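Not measured: the values here are computed from a predicted model. Start at 1 and go down the list; that is how both ligands and their atoms are numbered.
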Amino acid sequence: MALAGKVALVTGGAQGIGRAVAGALLQNAAKVSLVDFNQEAGEQCITCFNQEFGSDNSLFIQCDVTDREKLQDAFKRTVEHFGKLDIVINNAGINNENNWVKTIEVNLTSVVKGTYLGLEHMSKEHGKQGGVIINVSSMAAFLHSPHQPVYTATKYGVVGFTRAIAEASEIENYGVRINVLCPAFVDTPLLQSIDQEEKMGKFYKHKDEIKHRMSIYGVLKPSLIAEGMLKIINDNSLNGAVMKITTSKGIHFQSYEPMSA
Ligand SMILES: NC(=O)C1=CN([C@@H]2O[C@H](COP(=O)(O)OP(=O)(O)OC[C@H]3O[C@@H](n4cnc5c(N)ncnc54)[C@H](O)[C@@H]3O)[C@@H](O)[C@H]2O)C=CC1
Ligand SMILES: CC/C=C\C[C@H](O)/C=C/C=C\C=C\C=C\C(=O)[C@@H](O)C/C=C\CCC(=O)O
């Protein structure tokens, strides 16, 4: 998919990985709708993007992705503003073992909802032109974190859901490619949650073990994750792909044995 003129909706786009991929999309002449619940971060991000890329190419919509009606409205406002939707990146995520219900709502339930909303606005079954969806998981879906059991579960779930709905899209000829991206540790504000007892709960006493893993596995730059996302968007052959990004192997893909009876 050539990026110039394409319209992307990025949840959690106000900072971290979401902001990095939004900037990369704008640098490639796409237009972006940042959907984030952090009003201050969103306004600061949009101010920077408007200065660098012009005021017609970015939109910030304050929205908690766990509020289904507001998320539905954010998609609707994005299409009303830019006239169409081509790319959806379900990126918003949290690390909160102390409020694991919220963690499931943000990291998994909202990714499912965002995927279905993306299909509503891009799928041929709704008379639309097609598109691409990227759901953000984690390397925690391959190397589970004993100190983040619910976070780990949500990221496993994102991989499984994405692989399944991608095959459904192929079978039903939706015209929408759906892929999942699994980064290792990335240098974003999310990492601060490791030091926050209100986020780690009873696993807080293990924070140094997580930091030890980070020292072993390294910490990636958000720009490399953005590079992986653009690779997925630009490669029309990718559907149901599980991209992994690690310091040891860079951007690579998980392979799976063909399904057999
Ligand atoms: N930072 C890391 O080490 C890794 C992060 N990831 C995943 O990447 C994604 C992005 O994470 P980061 O950029 O690192 O985090 P971040 O905390 O820097 O940015 C996340 C953004 O999502 C927004 N957000 C959180 N909950 C929201 C909600 N309910 N509604 C709307 N917006 C919400 C935040 O306001 C923030 O702007 C997450 O799904 C995370 O699990 C995956 C692997 C590694
Ligand atoms: C507060 C931050 C919380 C979570 C951050 C992130 O979502 C969690 C990451 C968990 C595990 C990261 C593992 C990283 C592994 C590597 O970097 C690889 O180099 C290890 C080598 C092989 C992995 C085997 C494989 O590729 O399947």
With respect to [atom], which of [options] exhibits the smallest heavy-atom separation?
| atom | options | answer |
| --- | --- | --- |
| atom 15 (C) of ligand 2 | Leu190, Leu143, Asn107, Leu191 | Leu143 |
| atom 3 (C) of ligand 2 | His147, Met139, Gln148 | Gln148 |
| atom 27 (O) of ligand 2 | Lys244, Gln196, Gln192 | Lys244 |
| atom 7 (O) of ligand 2 | Phe185, Tyr151, Phe142 | Tyr151 |

By number and element, which atoms of ligand 2 are closer than 4.0 Å to a non-hydrogen atom of [X]?
| X | result |
| --- | --- |
| Ser138 | 6 (C), 7 (O), 8 (C), 9 (C) |
| Ala184 | 14 (C), 17 (O) |
| Thr246 | 16 (C), 17 (O), 18 (C), 19 (O) |

Would you mind checking which non-hydrogen protein atom is closest to [atom], with the distance to 0.1 Å?
| atom | answer |
| --- | --- |
| atom 20 (C) of ligand 2 | Tyr217 CE2, 3.6 Å |
| atom 1 (C) of ligand 2 | Ser193 OG, 3.4 Å |
| atom 21 (C) of ligand 2 | Ser248 OG, 4.0 Å |

**Item:** Atom-level proximity to ligand 1, residues with heavy atom under 4.0 Å
**Value:**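 Around ligand 1, where the cutoff is 4.0 Å for heavy atoms, the contacting residues are Gly12, Gln15, Gly16, Ile17, Asp36, Phe37, Asn38, Cys63, Asp64, Val65, Asn91, Ala92, Gly93, Ile94, Val106, Val136, Ser137, Ser138, Tyr151, Lys155, Pro183, Ala184, Phe185, Val186, Thr188, Pro189, Leu190, Leu191.
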
Any side-chain heavy-atom pair of [X] and [Y] under 4.5 Å:
| X | Y | value |
| --- | --- | --- |
| Val242 | Arg163 | yes |
| Lys84 | Val79 | no |
| Leu224 | Ile251 | yes |

Between [X] and [Y]: side-chain donor-acceptor atoms closer than 3.5 Å:
| X | Y | answer |
| --- | --- | --- |
| Asn96 | Lys199 | no |
| Asn91 | Thr11 | no |
| Gln62 | Asp36 | no |
| Glu209 | His212 | no |
| Gln72 | Arg77 | no |

**Considering all heavy atoms, the nearest Val35-Cys63 contact** =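 Reported closest heavy-atom pair: CG1-CB, 3.7 Å.
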
**Prompt:** Parallel under 30°, tilted from 30 to 60°, perpendicular over 60°: which one fits the rings of His147 and Phe203?
**Reply:**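 Because their plane-to-plane angle lies in the 30° to 60° range, the rings of His147 and Phe203 count as tilted.
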
**Asked** Counting only heavy atoms, which portion of Lys155 has something under 4.0 Å from ligand 2: side chain, backbone, both, or neither?
**Response**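 For Lys155, there is no contact with ligand 2 at all, from either part.
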
**Item:** Partner of Asp86 under side-chain hydrogen bond (donor to acceptor under 3.5 Å, both in side chains), chosen from His121, Gln129, Lys128, Lys6
**Value:**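 When His121, Gln129, Lys128, Lys6 are each tested with Asp86, the side-chain hydrogen bond (donor to acceptor under 3.5 Å, both in side chains) holds only for Gln129.
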
